[in-house]
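So the structure is just underneath, and the comments pick up after that.
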There are 2 protein chains.
Amino acid sequence: MQAASATACAGSAPRGRPREFDPDEALASALRVFWQKGYDGASMAELTEAMGITKPSLYACFGNKEALFRKALDLYERDKLCYVRSALEEPTARLVAERMLNGALATHCGDSDPQGCLGVISTMPCGIEAETIRADVIARRRSSEQAMIARFKQARDEGDLPDHVDPEGLANYLTTVLQGLSVKATSGTDRESLKRIVQTALACWPCA
Amino acid sequence: MQAASATACAGSAPRGRPREFDPDEALASALRVFWQKGYDGASMAELTEAMGITKPSLYACFGNKEALFRKALDLYERDKLCYVRSALEEPTARLVAERMLNGALATHCGDSDPQGCLGVISTMPCGIEAETIRADVIARRRSSEQAMIARFKQARDEGDLPDHVDPEGLANYLTTVLQGLSVKATSGTDRESLKRIVQTALACWPCA
DNA sequence: TACGTTCTGTACTAAGCAGTACATATTTAG
DNA sequence: CTAAATATGTACTGCTTAGTACAGAACGTA
């Protein structure tokens, strides 16, 4: 049981034949495939081709398909969903919503990455094998939603939201809009339409 | 090329061995499976078992998996999405939204049918085989969205919406919320939470 | 009774899937 | 130079998938 990280412990000299690919790059390529096709839709053949490695290399480095997906999901949350964290630090509830919606727009409707949200795609029923992953993604999302609820409760305590507004309802409503945007993005709706949807949603925001 | 419908042309006497199952019932069972598992997630084995027939019977009666799905989708739109039509006939834009949201709640979060919207589930990427179906479902949805845009334009012309509101943006925003609700329902969010989301969305509706 | 027609059930085909065995190549340690 | 260790590529396993061939069963008609 050695704990040799991908980015090497400097001093440790690897003993055998050196790896001919960069695991981080390969994982990023895998992420793109999962993001585009979903867990079940991405075959090991497609994954290995996109990653530029063979199946035995993949299995030796990442375990199996499910483990690979989980690592890709970690990368996704760390690299692509970072706007969620910073959005929650905005000073007002409205700014939180604004930043969340625009962050989603940038991340899920850009032209350098696949359209839509990997999380939403992964919670849709598909194969049987994906069930454990579905449950995992749903759990991760739930914790993220709890954070938003807490943020909006704080906002109401700070007098930042009208008293008649239910913070939990508002938080869940906002994630609903975000998930709806993701569905539309995945379906190929163009970015201009999505921008107008975000504008409309913000125009409707309580206490604008 | 005879056009013998499922519900028989009365006069025509069927010549061979009579069918031992009801195609309408079988189709309804198939719909439930597709609704629960998605197109790719539903295997022919699961379908035939739920429908109570064998594979040759299925292929003889419905063609193939894709044709079966399309017939199930027709049934779904006719039986389960009928609230969309009637919602558009409501006298005000707000009542349209109210009826759409409550209709979605009843249809996608009931306890007699699977959770979520078959249309949304079917537009998520999964297998390669589902691509043509995805495109088809997206096209169907687009025409439905056009109808709502037209309805909201009419509402603005009738002075039923504030002048500063963009009818197309509002229609697309509403479908976004509806699709988001479907994602949440599919993920197992309980109906009470969804009701509160609908309430929040309606509280935000322009010119309440 | 015999025939044509249609449905049913068993048993199959071919393809795609995730995952792996094994021989070979490339490295460090001694 | 040899041995241990790790990575690689080919070729495979076993399983599941959609779809079908074929024999037999049940009907109307003659």
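Sequence lines set the chain letters: A, B, ... in the order given, protein chains first and strands last, and positions in each chain run from 1. Values in this document were obtained by computation on a predicted structure and should not be read as measured data.
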Q) For DNA chain C, what residues of residues 54-75 of chain B have any heavy atom nearer than 4.0 Å? A) Thr54(B), Pro56(B), Ser57(B)
Q: Write out all pairs satisfying salt bridge (charged side-chain N to carboxylate O under 4.0 Å, His left out) with one or both partners inside residues 58-72 of chain B, taking only residues at least two apart or from two chains.
A: Glu66(B)-Arg70(B), Arg70(B)-Asp136(B)
Q.
Please report the interatomic distance CD1(Ile128(B)) to CD(Glu131(B)), rounded to the nearest 0.5 Å.
A. 9.0 Å
Please list, for nucleotides 23-28 of chain D, all pairs of protein and nucleotide N/O atoms separated by less than 3.5 Å.
{"from": "dA25(D)", "atom 1": "N3", "to": "Arg17(B)", "atom 2": "NH1", "distance (Å)": "3.1"}
{"from": "dC27(D)", "atom 1": "O2", "to": "Arg15(B)", "atom 2": "O", "distance (Å)": "3.4"}
{"from": "dG28(D)", "atom 1": "O4'", "to": "Arg15(B)", "atom 2": "O", "distance (Å)": "3.2"}

Q: Measure from CZ on Phe21(A) to C1' on dT6(D) and round the result to the nearest Å.
A: 12 Å
Q: Sorted by first residue and then second, give each disulfide (SG to SG under 2.5 Å) pair with at least one member in residues 52-115 of chain B; sequence neighbours left out.
A: none
Q.
According to disulfide (SG to SG under 2.5 Å), who are the partners of Cys126(A), at least two apart in sequence or on a separate chain?
A. Cys126(B)
Q.
Under the salt bridge (charged side-chain N to carboxylate O under 4.0 Å, His left out) definition, can you give me all pairs with a residue in residues 41-64 of chain B, not counting sequence neighbours?
A. Lys37(B)-Glu46(B)
Q | Side chain to side chain, Leu178(B) and Leu101(B), heavy atoms closer than 4.5 Å | A | yes
Q. Residues from residues 36-47 of chain B sitting under 4.0 Å of DNA chain D, heavy atoms only?
A. Ala42(B), Ser43(B), Met44(B)
**Q.** Partner set under ring-ring contact (aromatic ring centres under 6.0 Å, His included) for Tyr173(B), not counting sequence neighbours
**A.** none
Q: State whether the side chain of Thr189(A) and the backbone N or O of Ala185(A) hold a donor-acceptor pair below 3.5 Å, judged by distance alone.
A: no
Q.
If the condition is side chain to side chain contact (heavy atoms under 4.5 Å, CB included), which residues does Ala50(B) pass it with, not counting sequence neighbours?
A. Val33(B)
Q) What salt bridge (charged side-chain N to carboxylate O under 4.0 Å, His left out) pairs are there with at least one residue in residues 104-124 of chain B, not counting sequence neighbours? A) Arg32(B)-Asp113(B), Lys80(B)-Asp113(B), Asp111(B)-Arg191(B)
Q) Do Asp190(B) and Ser193(B) meet the criterion of a side-chain donor-acceptor pair at a distance under 3.5 Å? A) yes
Q) Among all residues two or more places apart in sequence or in another chain, which pass the ring-ring contact (aromatic ring centres under 6.0 Å, His included) test with Tyr59(B)? A) none
Q.
I need the residues from residues 123-131 of chain A with at least one non-hydrogen atom less than 4.0 Å from DNA chain D; give them sorted by number, or say none.
A. none
